[in-house]
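Remarks on the structure that follows.
In what follows, chains are A, B, ... by sequence order, proteins preceding strands, each numbered from 1.
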Amino acid sequence: MNAILSFRPLFRPHRRTFLTALLLATLTLAAGTALLGTSGWFITAAALSAAGVAFNIFGPSSLVRGFSLIRILARYGERVAGHQATLRFLSDLRAWLFERLFPRAPLSAAGLRHGDLVSRLVADVDALDSFFLVAVAPAVAVLAIGSIVAGLLALWLPVAVLLYVPLLAAAAFAIPIIAVRHLGASGRHAIEASAALRTAALDGIAGHRDFVVNGAGDRAIASVAEAARRLGRLRTDLGDTVVSAATIAQGLAGLCLVVTLCLGLDALHAGRLGGPTLVGLLLAVAASFEAAAMLVRGTARIGMGLAAADRLRAIAAMPPAVADPAMPVPLPTGSEVAFRDVSFAYAAGRPVLEGVSLEVAPGRRIAVTGASGSGKSTLVALLLRLADPTAGVVTVAGADLRTVRQADLHARVALLSQDAPVFMDTVRANLLVGRPDATDAGLWQALERARIADAIRALPGGLDAFLGEGGRTLSTGEGRRLCLARALLSDAAILVLDEPTGGLDHETEQAFLADLGAATAGRTVILVTHATLPAGAVDQAWRLDAGRLALMEETA
Amino acid sequence: MEKSTDDPDAGIALAGRSAADPLALAALRRHAGRAYWLALAAPLLAGVLLVAQAAELAGILERAVVAGEPPATLVPALALLALTMLARFLVGAVGERAGIRSAERIKLWLRSTLFARLMAAPPSWADSRSSGALSTALVEQADAVEGFFARFYPAMIQAALLPIAFAAVALPVDWLVALLFLVTAPLIPVFMALVGWGAQAATERQAEALSRLGGRFADRLSGLVTLKLFGRAEAETAAMRAAGEELRIRTMRVLRIAFLSSAVLEFFAALGVAGVALYVGLTFLGLVGVHPGLGYGAGLFLLLLAPEVYNPLRLLAAHYHDRAAARAAMIEIARQFGDDALLPPATAATGSAAPANGDILVAGLTLRTPDGRRTVLDHLDLAAPAGAAIAILGGSGGGKTTLLEALARLRLSDGAITLGGAGLAVIDEATLRRDLAFLPQRPRLFHGSIADNIRLGRPDAPDADVARAAITAGVGLFADGLPDGLATMIGEKGFGLSGGEAQRVALARIYLRDPRFILLDEPTAHLDAATEARVADGLLVFAEGRTLLVATHSLALAARMDEVLRLAGGRLLPTPLGARGGARPARGSGVIA
């Protein structure tokens with residue numbers, strides 16, 4: 001519940017629409033209750049007045065018609081306003097969540113699996129969709145109408161109030177609350193099972209080749225079937241709980257009707273109550289339980305919504321990997337990079353980098369080589385402040401990275417990471433990520449420099465060709481070069497290229513490296529590579545070995 | 001669940017119009033199990049009990065209000081009323097539980113069948129699709145089918161039978177009211193159908209938007225760091241907001257129509273109830289003389305029955321959305337998985353041939369890109385005798401991966417390939433997978449320990465074998481430094497392991513097996529020279545006596561093979577690899593022509 005309440009600021013802009021929906025929900029229930037009550041009273045009164053007593057039929061019959069019309073219109077309005085407000089809230093919630101994900105990237109460091117994340121964003125947000133409609137609106141309506149019917153009972157059949165109020169409260173609040181509690185754990189499990197099914201499916205889709213070539217296709221099928229079976233079992237439990245709760249609530253409504261009838265018959269016999277009033281009250285009591293039924297029916301969704309809200313809040317509350325300083329200093333112009341006695345460890349006692357010092361003057365190009373796992377990618381992550389060093393200082397243009405805004409830093413340093421993605425979008429959109437205001441001529445120039453222009457020209461649509469997920473209409477090497485073009489396109493003064501030639505054949509690799517100086521004209525370049533470097537490609541070559549950096553050769 | 005995938009009649013076509021045909025959806029019913037009739041019959045029994053309940057309540061009130069009977073004499077009637085209500089609630093609950101179970105069985109069948117189908121398709125099939133959209137179809141879209149069977153279908157049966165049954169019950173009481181029921185009730189579905197047509201199209205568009213949103217989220221999330229570092233946080237958030245907003249507008253379009261159709265229904269129901277109330281009231285007052293003998297109890301019974309005549313239709317309207325959502329989901333599933341997604345795989349059985357030795361022979365292999373636009377391999381010939389170790393060099397996008405995938409039967413090809421004298425197309429699948437090992441360019445690591453991932457090659461491999469394979473593949477070089485060694489858990493995309501490390505884990509999978517043919521796609525792409533040499537050492541030991549084809553960019557690795565070929569212009573050409581390559585003794589392998 002607290003998680004839901006923490007989303008209050010997102011509700012606020014849509015306050016008026018939500019209030020309108022609440023008002024109309026109450027009006028709907030009121031009109032429905034009044035309709036049945038008035039009809040019962042009218043018919044009974046008409047039957048009893050058959051003796052010839054003058055009876056004004058116009059008042060009651062127009063009331064019947066009026067209430068039914070009000071009910072129809074109020075219901076339509078309530079649903080439109082309620083859904084409108086809810087969907088706007090959800091749209092805001094998605095964007096709000098996405099905003100919070102950026103400072104927390106890379107998320108995998110927080111132990112979140114990819115399939116899990118997708119599930120959280122799409123399914124959890126949707127699980128919240130009906131929260132207002134199935135929980136808040138009926139609860140308010142039942143409170144309002146329950147009070148009115150209780151008031152009428154107090155007027156004509158006071159003893160029934162003592163039964164009506166607790167029974168309605170039990171059906172509308174106690175049963176749903178118990179059911180939600182009961183559903184809480186299974187609801188959470190169902191969401192997790194759903195995420196597990198998605199992960200198993202994604203494993204099979206993205207790891208199709210691995211399964212097939214290992215003759216393990218049947219195992220993938222079995223694990224998806226098992227995940228689906230588990231989800232099915234949990235959802236059956238959820239459904240059963242709701243059916244049980246609804247049956248109990250129905251029973252309470254039935255009990256209330258029979259007892260009110262008994263008490264009413266007694267009062268009728270004693271002459272304390274007229275026949276028409278009895279029938280009218282009886283039908284009004286029955287109608288007022290309608291909203292309680294809605295609440296009980298919604299418990300599964302309420303439970304899932306609460307669980308989803310908890311998980312979403314957990315993501316939003318995760319501490320960011322690094323935070324901007326309270327008083328950021330402007331990043332001075334310049335493109336020199338320095339590491340001063342930098343150490344880093346993901347876990348205490350397992351250092352990744354130890355006492356690394358490195359100075360790169362503006363416009364110089366250096367290469368860093370080293371075995372897999374020697375800390376090259378960590379070096380890169382520290383330079384982009386995806387993490388802070390455990391000791392020492394990293395500076396760009398003389399400023400300690402911890403004193404400047406991350407946005408300023410990222411505008412200065414562009415990265416081609418080892419796992420740079422090709423987005424499911426056009427070639428153009430993929431490139432514009434690097435520089436949103438680039439012209440077509442600029443795009444082609446970057447493509448030429450990354451030696452991919454010919455392949456793009458051959459695609460139907462050229463720059464407007466749509467690339468599939470993971471860019472698989474391009475080969476791995478082509479996708480890599482597209483990402484390289486994106487990095488080259490950026491106007492950052494410092495370029496960090498992590499394995500820019502992975503997936504390239506030897507000739508293309510050597511040609512690209514020989515051309516590096518021209519392609520990166522005047523920029524500071526930090527090249528992380530395994531490739532043999534042609535003469536003149538870089539000014540300095542460094543080697544990382546078990547977390548320690550050493551100069552290998554100075555070529556310029 | 002029965003093994004219904006083996007039953008040729010079990011599949012249903014989702015093609016084009018038949019997917020929009022409710023029959024296609026209704027055909028899934030056969031997978032609901034026997035209990036489904038309970039879900040359909042229980043609400044009808046509850047309807048009968050409802051009539052009894054209304055009659056009993058009206059009788060009690062007539063006796064008390066009109067005849068003035070004392071409460072004491074009414075006790076048995078009150079008890080009967082209470083019992084009738086209880087029975088009705090219980091019958092309803094039994095029906096609902098049966099419905100839930102049946103719907104879950106159908107979903108399980110649907111998911112298993114779709115996934116089995118996906119695994120039976122060539123791997124390149126999934127490449128051109130969004131894995132996010134495929135998994136959304138399997139998880140969310142399959143869920144959307146639930147409402148159809150658990151709620152809509154039982155409601156449809158009720159709506160078809162109960163109003164007419166209630167009218168029949170009303171007939172002996174008052175023929176005019178029965179006629180009113182009969183005339184107004186069938187009108188409602190007509191109006192709803194008119195409104196529903198629009199809703200269907202809108203719902204389909206909404207399902208598409210939902211699937212696109214899922215795919216987009218998945219895609220952008222995998223590239224979150226890149227977007228962040230390029231300062232795209234705000235722009236992407238805005239784009240996400242726009243995508244969400246589009247979904248909202250589509251959803252509202254669906255909902256408005258749905259709400260309108262239920263408002264139409266409510267209007268007619270109100271008209272019917274008000275008509276009965278007015279008719280009964282006026283008859284009592286003597287202002288209408290059609291049925292002067294109508295008693296109070298009978299009149300009240302009719303009034304209590306009136307809303308119930310329209311209730312099954314109201315229920316149907318409430319669940320109309322379930323039907324529309326289920327149909328749209330089936331269309332989306334057909335769009336993602338293909339029109340014949342639920343048919344049993346057509347060519348699952350390949351043949352029963354088995355390779356007799358380790359020879360690989362390719363004659364005149366031609367392959368095009370999936371869109372048929374570009375010829376990747378052009379009458380390619382290759383002869384690799386058993387035990388040969390051959391490197392294939394070539395430019396990026398030159399077709400190395402395509403060739404290896406065709407040899408591994410991961411890509412359909414014409415009959416130009418034979419393995420050990422047997423045509424590739426007719427080799428038994430299990431035999432092929434036992435005899436042929438393949439290392440994909442980007443192997444996938446699954447959530448689990450490193451050892452679990454290696455064991456994919458042989459699930460029952462003892463720890464010692466796994467450890468040996470890990471050492472041979474060079475996994476030990478990094479795993480020894482991890483906190484739990486081979487038991488270290490790695491994430492869905494192999495989090496914590498670099499590309500080169502992931503590749504070595506996948507290589508270790510192969511070392512657990514005993515293949516005749518080994519096909520490796522860039523096994524050392526991300527490795528430094530020293531590690532590469534270690535990996536190559538292990539590889540050459542393992543490959544002794546087996547036929548080895550390695551696609552690579554690495555000249556160092558190529559130099560250690562018996563022979564080096566270059567793939568260019570869709571054909572293989574012999575390549576003397578500098579001094580080293582030429583110096584190695586060739587083992588009689590080579591290129592034909």
Is it the backbone or the side chain of [X] that comes under 4.5 Å from a heavy atom of chain A, or both, or neither?
X: B:M85; answer: side chain
X: B:L118; answer: both
X: B:E234; answer: neither
X: B:L74; answer: side chain
X: B:E69; answer: backbone
X: B:L304; answer: side chain
X: B:A530; answer: neither

Contact part of [X] toward chain B, heavy-atom cut-off under 4.5 Å: side chain, backbone, both or neither?
X: A:L261; result: side chain
X: A:L416; result: neither
X: A:R233; result: neither
X: A:V224; result: side chain
X: A:D92; result: both
X: A:P276; result: neither
X: A:R435; result: neither

Exercise. Determine, using ring centers only, whether B:F446 and A:F211 are less than 6.0 Å apart.
Key: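 Distance test on ring centres: under 6.0 Å, yes.
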Quiz item: Any chance the side chains of A:Q418 and A:E499 put a donor and an acceptor closer than 3.5 Å?
Solution: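 No donor-acceptor contact under 3.5 Å links the two side chains.
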Self-check item: B:E245 and A:S91 side chains, donor-acceptor separation under 3.5 Å
Solution: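 Distance-only check passes for A:S91 and B:E245.
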Exercise. Give the minimum heavy-atom separation between B:F115 and A:G204, together with the two atoms involved.
Key: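 Distance-wise, the nearest heavy atoms are CZ-CA, 3.7 Å.
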